[in-house]
Protein chains: 2
Amino acid sequence: MRARKFAFTHLFCDAEAVVTRRTGLREQKKQATRQALREAALRLAMERGPDNVRVDDIAEAAGVSPRTYNNYFSSREQAIVAAVTAERQSRVGAAVAAHPAHVPLAEAVVEAVVEQYTDQGERARDALLLITTQPALREAFVDTAAAIEDPLATAIAQRLGDPDPHTARVLAAGVAAAVRVALQLWVRPTAAEGGLVVPSGPLPDLLRTTLAPLAPALDAAERRR
Amino acid sequence: MRARKFAFTHLFCDAEAVVTRRTGLREQKKQATRQALREAALRLAMERGPDNVRVDDIAEAAGVSPRTYNNYFSSREQAIVAAVTAERQSRVGAAVAAHPAHVPLAEAVVEAVVEQYTDQGERARDALLLITTQPALREAFVDTAAAIEDPLATAIAQRLGDPDPHTARVLAAGVAAAVRVALQLWVRPTAAEGGLVVPSGPLPDLLRTTLAPLAPALDAAERRR
DNA sequence: AGGAAAACTTGCGTGCGCGCAAGTTTGCGT
DNA sequence: ACGCAAACTTGCGCGCACGCAAGTTTTCCT
């Protein structure tokens, strides 16, 4: 048998690579590359302004080629916003699952989603401020809502025990759509500030507002099980 | 007053340019350009295969420059699928509005959406067949679901008479998301046919299936008005 | 009728997204 | 331990998306 492999230390491991057992070196290197790219993207964007960062620059800072950059991200903006949103996808499913079965599905989903968008420290706030400065970054940030759809569908399907997989998929798609609407409202420039983007109200409040109309659908699906 | 302008004949007019009163020459030329581009895109894709059509080719066939092409469409695929879906956006809102107020909102919305995806003749079928042959075209086709969101939000807001504009927006976003799921299911390659894309069941049936879980949300919003 | 503003078209240049293929690294099975 | 397959990295080239600015066309107002 080959030499025993040890679970790596924090040097390589980040929360996204959920190392619940030993993963291979290849997978660990992939996660490390992805993290290096998004951290380099955000750091350079903050240092120079997002308009002055090129894919070549990010790739070089992360120690890979531009071609490899495009294996991981399909645009400059995706890497920058990934620095903020990277772990949200894996956490949201776990957060739904963490609610006891007696909690209504709608409440579990809303609380799980809101939890992902609560204040996450000064560095995340600085990154979000940067993201609001440029239309392409705002749009990429809004698009990250789509990433919660798959883990939500899995978590909802488990809660429903539903033989019809489409129900969970559609409800998750609806929730992701409502999150996108909240993010769109949150980042849009307001006329009051001369076009300057000032986030309009706390994001958790906006999320609760946009998710509320879907609660009857979530609860109805739960009652049918 | 300037010379009287006449509503133009069918030479310029298509259903997308809803000519309910006289529109300017500039607007008419824009619509004509857009139509010329999408028709050229589809025709060339059918003649040569989608892989053998370039933006330069489409632009030349439509009589404009490649730069102008990109003023109208952001990718080759968008023009091709627009040839099939162009008028859907304006029609879906009108179809919801066409249902009497005593018809439940959910039913009005479902029927309006399904109507947009019923069989629309041999040429549309040929175009859809072409679209299923290539991943990038399938993805662009699935993305067109997003275009029904704005007109749906308007139609739902009118039905609800809702002072809260977010409710209509979120419900419309959820419906568009459910439509996207149906399109994804419809175009995805099935293992049974060796990866060949064979649309799985009639699209109207898939749409009803994916829209059904959202009916409680639509009806609950209507009861609250 | 004429002038100004708005909107559109287009050429140019830049940055970049991606397919392909060759080389390298890792994982698996014997 | 070794060989093979899978997965990854990377260079190259092509197509293209977009910002900018100049020219043209259309609209609006006097």
(message) Quick check: on DNA chain C, is the nucleotide nearest B:K30 upstream (toward 5') of the one nearest B:P66, or the reverse? Name the residue that is more 5'.
(response)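 On the 5' side of the pair lies B:K30.
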
(message) salt bridge (Lys or Arg N to Asp or Glu O under 4.0 Å) for A:R169 and A:D150? Distances and angles first, verdict last.
(response) CA-CA 8 Å; A:R169 164 107 262 141; A:D150 281 346; 2.6 Å; yes

Base, sugar-phosphate, or nothing: which does [X] touch, judged by heavy atoms less than 4.0 Å apart?
X     : value
B:R54 : sugar-phosphate
A:S74 : sugar-phosphate
B:F73 : nothing

(request) Decide if atom CZ of B:R48 counts as having more than 12 heavy atoms of other residues, nucleotides or ligands within a radius under 6.0 Å. (result) yes

(request) Using a cut-off of 6.0 Å, state whether more than 12 heavy atoms not belonging to A:Q134 lie near its atom CD. (result)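 Result for CD/A:Q134: enclosed.
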
[X], nearest nucleotide to its side chain (from [options]):
X     : options                : value
B:L25 : C:dT9, D:dT26, C:dT10  : D:dT26
A:V55 : C:dC16, D:dC12, C:dC8  : C:dC16
B:N70 : D:dC8, D:dA17, C:dT10  : D:dA17
B:S65 : D:dT9, D:dC18, C:dT10  : C:dT10
B:R26 : D:dT26, C:dG17, D:dT10 : D:dT26
A:K29 : C:dT25, D:dC18, D:dT26 : C:dT25

(message) Any N or O donor-acceptor pair under 3.5 Å from the base of D:dT9 to the side chain of A:R67?
(response)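 Result: no qualifying N/O pair found.
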
(message) Go through it in stages, so that I can follow the logic: the residues are B:R180 and B:D143, the test is salt bridge (Lys or Arg N to Asp or Glu O under 4.0 Å), and I'd like the CA-CA distance, side-chain angles, deciding distance and then a yes or no.
(response) CA-CA 7 Å; B:R180 174 178 50 77; B:D143 284 345; over 6 Å; no

Using whole Å, what does the distance between atom [atom2] of nucleotide [N] and atom [atom1] of [X] come to?
X     : N      : atom1 : atom2 : result
A:Y69 : D:dC8  : OH    : P     : 18 Å
B:N71 : D:dC16 : CG    : P     : 16 Å
A:L37 : D:dT9  : CG    : P     : 9 Å

(message) Before you tell me yes or no, could you show the steps for A:E39 and A:Q35 under side-chain hydrogen bond (donor to acceptor under 3.5 Å, both in side chains), namely the whole-Å CA-CA distance, both residues' side-chain angles and the distance that decides it to 0.1 Å?
(response) CA-CA 6 Å; A:E39 288 183 354; A:Q35 180 175 358; 2.9 Å; yes

(message) Looking at B:Y72, I'd like to know whether one of its side-chain N or O atoms comes within less than 4.0 Å of OP1 or OP2 on C:dT9.
(response) yes

